[in-house]
A.B. asks: 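Would you mind keeping the following structure in view while I ask a few things?
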Amino acid sequence: MGRRPKDYLKNKIKRPKMKTILQAPKGMPDILPEENLLRRKIFKAVEDLGNFYGFGQIETPVLEETKLFLHGTGPTSEIVQKQMFILKTPGKDLLALRPEFTPNIVRAYLENGLYNNPKPVKLFAWGPVFRYEQPQRGRYRQFWQCNFEILGSADPIYDALTIQIFYNLFTELKMKELMIEINTIGCDNCRPIWHKNLKNYFRSKRKFLCADCKNRLKINPLRILDCKNESCQSLKNGAPKMIDFLCPECRKHFKQILEYLEILGLPYNINHHLVRGLDYYTKTVFEIRLASDNLALCGGGRYDYLVEMLGGKSTPAVGGAAGIERLVEVLKKNNFKVENPYKPKVFLIAIGDLAKQRALKYLEALRKVKIPVAESFAHESLKAQLRQADKWEAPYVIIIGQKEALDNTIILRDMKASSQEVVESEKMIEELKKRFKNDNIENI
Ligand code: AMP
């Protein structure tokens with residue numbers, strides 16, 4: 001004798017249920033489909049620029065040995081001091097979620113012998129990076145960056161080219177009123193003299209410094225120029241400037257970049273307080289921001305010693321990174337419109353089991369010829385499915401009922417003209433293409 005429903009109920013499995021819905025970790029937002037349309041546009045622009053300027057795309061792991069950043073990003077940087085997510089593996093290794101890309105790219109350059117390629121080696125990358133900081137506007141704990149790095153040339157033309165690429169990226173995305181902030185922080189020959197003067201200056205103002213900066217004074221007075229505290233900020237104007245201490249080589253290098261920027265007609269502002277938060281920069285540092293906002297869209301600079309610091313041969317290099325979330329924010333503010341390239345041109349309706357079987361086959365036929373389709377098979381009735389078709393705004397609807405399924409036909413409905421006709425299923429694609437052509441609807 002068969003089992004009765006009551007028996008099923010009696011044996012029903014009890015699954016443990018969460019009392020509340022879990023949330024993503026603080027500062028690590030989900031990226032939903034609508035936003036991904038915008039992000040895809042950004043990545044496409046990054047990729048096109050990378051291809052045009054001869055960059056190869058590189059991907060490095062999200063986790064790296066912690067010492068890569070201790071050594072590379074630098075022990076006095078804010079990132080290393082406060083912002084790293086560090087994981088201990090079951091094998092007791094210390095790995096860090098990458099807080100930036102540059103040291104990883106240099107590590108990969110060395111590990112994979114990319115230095116054997118013709119120089120300069122140009123690489124671009126994108127992906128998530130992680131920093132433990134207080135989430136606020138334009139500042140997340142997980143965010144995405146895209147990077148352009150040029151390794152193996154000390155020529156200032158590559159500093160200018162890096163800046164130009166980022167500038168072009170933003171103008172490709174229709175951003176206006178961009179401003180390049182640029183400075184030089186010298187090299188190992190001239191920076192120590194500036195360092196010393198800076199230290200003396202801030203020492204004389206010690207009582208006005210915040211607690212963090214009192215500490216920075218001991219380890220790296222340059223970082224004080226980065227401090228957002230009002231009292232520390234007010235001391236910046238009187239601080240000694242790197243430009244007054246540059247060695248002839250650094251002076252020439254800086255002058256040449258400015259000349260290139262002028263030739264390219266790119267707007268720049270020499271910002272003597274711009275030092276950037278990372279320890280490895282030499283000579284050029286830059287940021288690009290909107291004139292109306294003080295959040296940087298990108299930042300970068302020259303890092304002539306980093307390859308050597310990470311165990312390679314002395315290799316001058318320059319590069320930068322842009323934050324994808326900040327670009328998305330600007331695009332949203334500018335009402336940047338992105339059409340979904342997969343917007344359905346056909347909505348497929350099936351009523352009944354046999355019709356559903358046919359519909360699955362037609363769906364495949366449409367996919368093969370790359371006609372974007374939407375469906376709502378879970379809705380049983382014609383009315384409910386038509387309602388969904390309206391929502392998708394597909395210009396054509398294909399209806400398969402029991403009769404059509406048996407006859408191997410479809411009903412092709414023109415939504416704009418509110419007319420419909422029966423078409424043999426074999427001729428479905430041909431008929432659709434003919435109509436798209438007449439309507440001037442492009443196939444993707
Ligand atoms: P940085 O690696 O600090 O030079 O930053 C390069 C770019 O990444 C910045 O110009 C921002 O666009 C972006 N960025 C940096 N930190 C964050 C963050 N916490 N959240 C979102 N974007 C960020």
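Counting starts at 1 for both ligands and their atoms, following the listed order.
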A.B. asks: For Tyr132 together with Phe85, are the ring centres under 6.0 Å from each other?
C.D. replies: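 Close enough - the centres of the two rings lie under 6.0 Å apart.
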A.B. asks: Among all protein non-hydrogen atoms, which one is nearest to atom 13 (C) of ligand 1, and what is the separation to 0.1 Å?
C.D. replies: Gly323 CA, 3.5 Å
A.B. asks: Please verify the inter-ring angle class for Phe148 with Phe166; under 30° counts as parallel, over 60° as perpendicular, anything in between as tilted.
C.D. replies: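 Aromatic pair Phe148/Phe166 classed perpendicular.
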A.B. asks: Please confirm whether Glu133 approaches ligand 1 to less than 4.0 Å, judged on its heavy atoms.
C.D. replies: yes
A.B. asks: Using a strict 4.0 Å cut-off to heavy atoms of Cys298, name the atoms of ligand 1 that fall inside it.
C.D. replies: 10 (O)
A.B. asks: Polar contacts were defined as any N/O atom of the residue lying under 3.5 Å from an N/O atom of the ligand; does this apply to Arg131 and ligand 1?
C.D. replies: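 Yes, Arg131 has an N/O under 3.5 Å of an N/O on ligand 1.
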A.B. asks: Taking the basic N atoms (NZ, or NE/NH1/NH2) and the acidic carboxylate oxygens, is any pair closer than 4.0 Å for Glu249 and Lys283?
C.D. replies: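 A salt bridge is present here (some side-chain N lies under 4.0 Å from a carboxylate O).
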A.B. asks: Using the ring centroid of each side chain, check whether Tyr280 and Tyr305 are separated by less than 6.0 Å.
C.D. replies: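 Not close enough - the centres of the two rings lie 6.0 Å or further apart.
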A.B. asks: Is the number of heavy atoms from other residues, nucleotides or ligands within 6.0 Å of NZ (Lys119) greater than 12?
C.D. replies: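 Check passes, neighbour count above 12.
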A.B. asks: I need the contact type for Ala296 against ligand 1. Using non-hydrogen atoms and a strict under-4.0 Å cut-off, is it side chain, backbone, both or neither?
C.D. replies: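 It is both backbone and side chain that touch ligand 1.
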A.B. asks: Closer than 3.5 angstrom, by distance alone: can the side chain of Glu287 be matched with the main-chain N or O of Ala296 as a donor-acceptor pair?
C.D. replies: no
A.B. asks: Check this for me: Gln136, atom CD, are more than 12 non-hydrogen atoms of other residues, nucleotides or ligands nearer than 6.0 Å?
C.D. replies: yes
A.B. asks: Is Gln145 touching ligand 1 with its side chain, its backbone, both, or neither, if touching means heavy atoms under 4.0 Å apart?
C.D. replies: side chain
A.B. asks: Number the atoms of ligand 1 from 1 as they appear, then name those within less than 4.0 Å of a heavy atom of Ala321, with their elements.
C.D. replies: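 Reading through ligand 1 atom by atom, the close ones are 6 (C), 7 (C).
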A.B. asks: Once you restrict to heavy atoms under 4.0 Å, what part of Arg139 touches ligand 1? Side chain, backbone, both or neither.
C.D. replies: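 Both backbone and side chain.
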A.B. asks: Decide whether an N or O pair under 3.5 Å exists between Ala322 and ligand 1.
C.D. replies: no
A.B. asks: Is any N or O atom of Leu297, backbone or side chain, closer than 3.5 Å to an N or O atom of ligand 1?
C.D. replies: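 Yes; at least one N/O pair falls below 3.5 Å.
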A.B. asks: What protein heavy atom sits nearest atom 21 (C) of ligand 1, and how far off is it?
C.D. replies: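 Ranking protein heavy atoms by distance from atom 21 (C) of ligand 1, first comes Gly138 O, 3.2 Å.
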A.B. asks: Look at atom 14 (N) of ligand 1 and find which of Phe143, Phe101, Tyr140, Phe130 reaches it with the closest heavy atom.
C.D. replies: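 Comparing heavy atoms across Phe143, Phe101, Tyr140, Phe130, the nearest one to atom 14 (N) of ligand 1 lies in Phe143.
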A.B. asks: Of all the heavy atoms in Arg276, does at least one lie under 4.0 Å from an atom in ligand 1?
C.D. replies: yes
A.B. asks: Are there more than 12 heavy atoms of other residues, nucleotides or ligands under 6.0 Å from atom CD of Glu34?
C.D. replies: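 No - once you tally the heavy atoms of other residues, nucleotides and ligands closer than 6.0 Å, there are 12 at most.
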A.B. asks: Should Glu325 and Arg139 count as an ion pair when the cut-off is N to O under 4.0 Å?
C.D. replies: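 Result for this pair is no, no salt bridge flagged.
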